[in-house]
S.K.: 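I have a structure I would like to understand better, so I am pasting it below and will then ask my questions one at a time.
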Amino acid sequence: MKLFFSLGLIFLVASPSYIKSLNNADTVALTDFFKTPKLALVFQADCSACQRQVHQLSCLESKYPVVLLGAFSGEKSLKAEYQKMKVSYPAYHVSSDIQSEMGISRAATPQILILSQKPKLLNIGLSSCEKLKKKITDI
């Protein structure tokens with residue numbers, strides 16, 4: 001939030017929310033991030049199911065670009081977890097204050113979301129590629 005003072009009045013203007021890349025030092029505004037639909041895997045540190053789930057997403061790449069969203073853990077531990085995954089998907093740290101804006105509803109991983117102007121929770125927990133494909137076609 002930014003505070004502006006004009007003509008004796010105080011205005012609060014919402015600043016855009018940003019997420020930080022785990023691949024490099026970049027940040028991305030959520031408004032830009034939501035411009036094109038994406039398939040997102042929400043992961044956290046020390047999540048063996050997340051490690052297995054990330055490798056089930058390649059079959060869905062033709063329908064949606066895949067991104068990884070690290071949540072519920074600190075940035076350093078999320079970077080280490082991302083490196084263990086050995087995938088080339090872009091990865092971002094999602095701070096607790098913007099998780100609800102992204103459709104991340106609770107601390108359960110892995111979560112798979114369709115990110116767009118109205119994020120949609122697709123799955124919580126480990127799921128095969130075939131089950132995820134079916135859920136996407138049912139949307």
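Residue numbers start at 1 and run along the sequence shown.
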S.K.: If the condition is side-chain hydrogen bond (donor to acceptor under 3.5 Å, both in side chains), which residues does Q51 pass it with, not counting sequence neighbours?
M.R.: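 With neighbours one apart ignored, the set is E81.
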
S.K.: If hydrophobic clusters are built from ILVMFWY residues whose side chains come within less than 4.5 Å, do V54 and L126 share one?
M.R.: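 Each belongs to a different hydrophobic cluster.
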
S.K.: Does F72 have any ring pair (Phe, Tyr, Trp, His ring centres under 6.0 Å) partners at least two apart in sequence or in another chain, and if so, which?
M.R.: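 So F72 forms no ring pair (Phe, Tyr, Trp, His ring centres under 6.0 Å) with any residue.
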
S.K.: State which residues pass side-chain contact (heavy atoms from CB on, under 4.5 Å) with D26; sequence neighbours excluded, sorted by chain then number.
M.R.: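 Applying side-chain contact (heavy atoms from CB on, under 4.5 Å) to D26 gives S21, N24.
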
S.K.: Please list all pairs passing the salt bridge (Lys or Arg N to Asp or Glu O under 4.0 Å) test where one or both residues lie in residues 29-43, with sequence neighbours left out.
M.R.: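 Counting only pairs at least two positions apart or across chains, the salt bridge (Lys or Arg N to Asp or Glu O under 4.0 Å) contacts touching residues 29-43 are D32-K35.
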
S.K.: Evaluate the criterion side chain to side chain contact (heavy atoms under 4.5 Å, CB included) for residue pair L57 and I112; output intermediate values, then yes/no.
M.R.: CA-CA 10 Å; L57 301 179; I112 299 179; 3.9 Å; yes

S.K.: Would you compute the distance between atom SG of C50 and atom OH of Y82 and round it to the nearest 0.5 angstrom?
M.R.: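 With rounding to 0.5 Å, SG (C50) is 14.5 Å from OH (Y82).
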
S.K.: Taking side-chain contact (heavy atoms from CB on, under 4.5 Å) as the definition, give me every residue that meets it alongside I124, ordered by chain and number, with sequence neighbours left out.
M.R.: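 So I124 forms a side-chain contact (heavy atoms from CB on, under 4.5 Å) with R106, A108, Q111, L121.
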
S.K.: Please enumerate all residues that pass side-chain hydrogen bond (donor to acceptor under 3.5 Å, both in side chains) together with S95, with sequence neighbours excluded.
M.R.: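 Testing S95 for side-chain hydrogen bond (donor to acceptor under 3.5 Å, both in side chains), a comparison that skips the adjacent residues, returns D97.
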
S.K.: Check side-chain hydrogen bond (donor to acceptor under 3.5 Å, both in side chains) between Q83 and all other residues, then give those that pass, not counting sequence neighbours.
M.R.: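 side-chain hydrogen bond (donor to acceptor under 3.5 Å, both in side chains) check on Q83 returns nothing, list empty.
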
S.K.: Which pair of heavy atoms, one from M102 and one from P119, lies closest together, and at what distance?
M.R.: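 Between these two residues, the closest heavy atoms are O-CB, 3.4 Å.
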
S.K.: Nearest 0.5 Å, please: how far is CD1 in I98 from NE2 in H93?
M.R.: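 If I round to the nearest 0.5 Å, the distance is 9.0 Å.
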
S.K.: Just grab all the disulfide (SG to SG under 2.5 Å) pairs involving residues 74-104, residues at least two apart or on different chains.
M.R.: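 Applying disulfide (SG to SG under 2.5 Å) to every pair that reaches into residues 74-104, excluding sequence neighbours, yields nothing.
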
S.K.: Side chains of Q53 and L132: closer than 4.5 Å at any heavy-atom pair?
M.R.: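 SC-SC contact between Q53 and L132 confirmed.
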
S.K.: Rounded to the nearest 0.5 Å, what separates atom CG in L115 from atom CG in L69?
M.R.: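 Separation between the atoms: 6.0 Å.
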
S.K.: May I have all residue pairs that pass side-chain hydrogen bond (donor to acceptor under 3.5 Å, both in side chains) and include part of residues 67-78, sequence neighbours excluded?
M.R.: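 Output for this query lists K20-E75.
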
S.K.: Sequence neighbours left out, what pairs pass side-chain hydrogen bond (donor to acceptor under 3.5 Å, both in side chains) with at least one residue falling in residues 39-48?
M.R.: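 Non-adjacent pairs meeting side-chain hydrogen bond (donor to acceptor under 3.5 Å, both in side chains): Q44-T109.
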
S.K.: Quick one: which residue pairs count as a salt bridge (Lys or Arg N to Asp or Glu O under 4.0 Å) with a foot in residues 109-118, not counting sequence neighbours?
M.R.: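 Sorted result for residues 109-118: empty, none.
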
S.K.: Only one of V42, L39, N123 clears side chain to side chain contact (heavy atoms under 4.5 Å, CB included) with L113; which?
M.R.: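 So, applying the side chain to side chain contact (heavy atoms under 4.5 Å, CB included) to L113 and each of V42, L39, N123, only V42 qualifies.
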
S.K.: How long is the gap from OG1 on T36 to OH on Y64, to the nearest 0.5 Å?
M.R.: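 T36 OG1 to Y64 OH: 11.0 Å, rounded to 0.5 Å.
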
S.K.: Check the pair L41, V66 against side chain to side chain contact (heavy atoms under 4.5 Å, CB included), reporting the backbone distance first and the verdict last.
M.R.: CA-CA 8 Å; L41 169 68; V66 175; 5.7 Å; no

S.K.: Could you work out, with ring pair (Phe, Tyr, Trp, His ring centres under 6.0 Å) as the rule, every residue matching F43, not counting sequence neighbours?
M.R.: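 Ring pair (Phe, Tyr, Trp, His ring centres under 6.0 Å) check on F43 returns nothing, list empty.
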
